[in-house]
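Please read these numbers as outputs of a predicted model, since none were measured by experiment.
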Amino acid sequence: SPTPRIFHVLSATSIGVALTLMNTSVIDVALPFIRKDFNATSGATSAVLLSYMIVNVILLLIFGRIGDMVGRKRIYIGGLIAFAITSALCALSPGIWLLVASRSLMAIGAAAILANTTALIVDALSPRYAAEALGYNVLIASCAQVLGPLVGSFILTLVDWRYIFLANIPLAILGVFWSHAVLPDIRPQAREAFDIKGSVLSFACLTILVISVTQIGLSGRISTAVQIEAVVFFICLYYLVKTQQSIRHPLVDLSLFSDRSRTIAYLTGFVVSGVRFSIVLIISLYFQIYLQASPLMASSRLILIAVGLGAAAPVMGRLLQHELDPNILAALGLGITIAGVICLRFTMMTDMTGMALCASLLIMGVGIGIFGTPNTSSILRNVPATRRGIANGLRTMTQNCGSTVCVSICLAILNMALPPTDKYLLYVAGEPEYHNNINGMLLNGFIHSIDFLLILLALAACVTVNRFSYARARNKG
């Protein structure tokens, strides 16, 4: 029976996926406590969240390529070891900027893990059972992000915020031993040269992109430095594309974009991932900062997104076994996600504590759950085994880049909603007397953040419609 095999592989990869993605959002509810503990500015506090996301995005492609070259199991286990060590460094950090540095180092291990999980599943299982396993993998990844604030809230009600990081260590150690025992060690048959020039240029492009967007998020404006960085970004991007077209074994295999459906799957994955993570952050801050509620109350609402995900994602994995078109299923999920965000937008203007909020988050969770597995299947199907690490690394990179960019822009919108003298209040919780004069401004900031996410979703919907129009025209031709 393939069931034990699926369980073994999925349980090993799930440990890494849950750890790395939960640590992108578990910190959301802890930010006010960290700010207060270190008496930090709002910019330094935001850097604790964004540093992990930035470094993760930058290194995903590189670790995906290295996994293709030297073996994915080695890189995956090495990432778990690094994650455990850097979690200890985070817990022991005596200052805010040392915590930011430790979170950046933690993201290196996270990138090594995330770049190889999906490819490990596809390598280990037949296409029929890999589809079901991918459904559960997407479910676990999405739920880990959504449930991160809940886990953080329980820890904060019992002990200090530093235990959020200490809790990672035993799970990472368990993942090392279990992965060593059950994951297949598939080595590449032929040696391929590592694309150093492409790695440097991709590193430069992604670094400039995410740091520029982060600077906008921290300052709430587009500075001269950001404008210069934009020019340098496009120059690096031009040379990256030119280099990848001429090299035999590129870091970014541009042939992956020759399939229009796969390209659109990357773009829509960017948007939906950014929306999912931004909503988690917005809800966490809305309850803690605007409503001055407890972290537990803030995170308990997010369970409904996880419930919707849990109901929809496994079903999608089973439906894909029956050879249904994953593009149609992904489009359905995108439409339902848009409906949920629209409901949330109007709920925020009326009552964020009642059943309307619960319905909005549940609808959103169902939509994201329907979208995730078919979208992943659209990307990885028909990709040669020697390029799965690159394809998956690019998928994970675009999704994490979407999260980083969207969160940075939402933070920028929230920052711009506040006057310069009150920007520090963005992370002040449990002190309602400070917020009496700015609550209206904060509410506008939250609403405009959701408006931005709706614009992105509308663009993704337009691209999806264009995909079906193109497919229909090609079939007629």
Find out whether [X] and [Y] are in side-chain contact, i.e. whether some heavy atom of one side chain is under 4.5 Å from a heavy atom of the other.
X	Y	result
V341	V275	yes
V405	C401	yes
F63	I108	yes
I368	I336	no
T268	T464	yes
V407	L49	yes
V100	R103	no
T24	V280	no

- After noting the C-alpha distance and the side-chain angles of L267 and L459, does the key distance pass the side-chain contact (heavy atoms from CB on, under 4.5 Å) rule? CA-CA 10 Å; L267 292 173; L459 292 173; over 6 Å; no
Side-chain donor-acceptor pairs of residues 166-176 under 3.5 Å, sequence neighbours excluded:
| residue | atom | partner | partner atom | Å |
| --- | --- | --- | --- | --- |
| N168 | OD1 | N23 | ND2 | 3.1 |
| N168 | ND2 | N23 | OD1 | 3.1 |
| N168 | ND2 | S87 | OG | 3.2 |

What heavy-atom pair brings [X] and [Y] nearest, and what distance separates the two atoms?
X	Y	answer
Y76	I15	OH-C, 4.4 Å
V29	P149	CG2-O, 3.6 Å
I140	S14	CD1-OG, 2.9 Å
A111	L60	O-CD2, 3.5 Å
G269	F371	N-CZ, 3.8 Å
L201	C236	CD2-O, 4.2 Å

- From the list I450, I363, L453, I282, side chain to side chain contact (heavy atoms under 4.5 Å, CB included) with L344 holds only for I450
Return yes if some donor-acceptor pair links the side-chain N/O of [X] with the main-chain N/O of [Y] below 3.5 Å, else return no.
X	Y	result
R72	L120	no
K197	T243	no
S102	T86	no

Contacts of [X] that satisfy side-chain contact (heavy atoms from CB on, under 4.5 Å) - sequence neighbours left out:
X	answer
L304	C358, L361
V182	H8, A12, W178
M22	V26, A144, V151
A110	T20, Y52, N56, F83

- Message: Assess the residue pair S273 and S403 against the criterion (side-chain hydrogen bond (donor to acceptor under 3.5 Å, both in side chains)); give the C-alpha distance rounded to whole Å, side-chain angles, the decisive distance to 0.1 Å, and a yes or no.
- Response: CA-CA 6 Å; S273 178; S403 299; 3.0 Å; yes
Point-to-point distance, once rounded to the nearest 0.5 Å, from [atom1] of [X] to [atom2] of [Y]:
X	Y	atom1	atom2	value
S179	I77	OG	CD1	5.5 Å
D160	Y163	CG	OH	7.5 Å
I305	L362	CD1	CG	9.5 Å
R395	N400	CZ	CG	9.0 Å
L309	M364	CG	CE	10.5 Å
R35	I96	CZ	CD1	10.0 Å

- Item | Pair L411-L281, side-chain contact (heavy atoms from CB on, under 4.5 Å): steps then yes or no | CA-CA 9 Å; L411 286 175; L281 178 66; 4.1 Å; yes
- Task: Would you please test S25 and F277 for side-chain contact (heavy atoms from CB on, under 4.5 Å) and show each step?
- Result: CA-CA 8 Å; S25 60; F277 193 91; 4.0 Å; yes
- Could you walk me through whether E229 and S212 pass side-chain hydrogen bond (donor to acceptor under 3.5 Å, both in side chains), step by step? CA-CA 7 Å; E229 288 164 2; S212 296; 2.6 Å; yes
- Message: Would you say CZ of F452 has more than 12 non-hydrogen atoms from neighbouring residues, nucleotides or ligands within 6.0 angstrom?
- Response: yes
- Message: Tell me whether the count of non-hydrogen atoms from other residues, nucleotides or ligands lying under 6.0 Å of CZ in F154 goes above 12.
- Response: no
- Task: Please lay out, stage by stage, how L98 and L92 fare under the test side-chain contact (heavy atoms from CB on, under 4.5 Å).
- Result: CA-CA 9 Å; L98 283 174; L92 298 173; over 6 Å; no
- Residues in ring-ring contact (aromatic ring centres under 6.0 Å, His included) contact with F38, at least two apart in sequence or another chain: W161
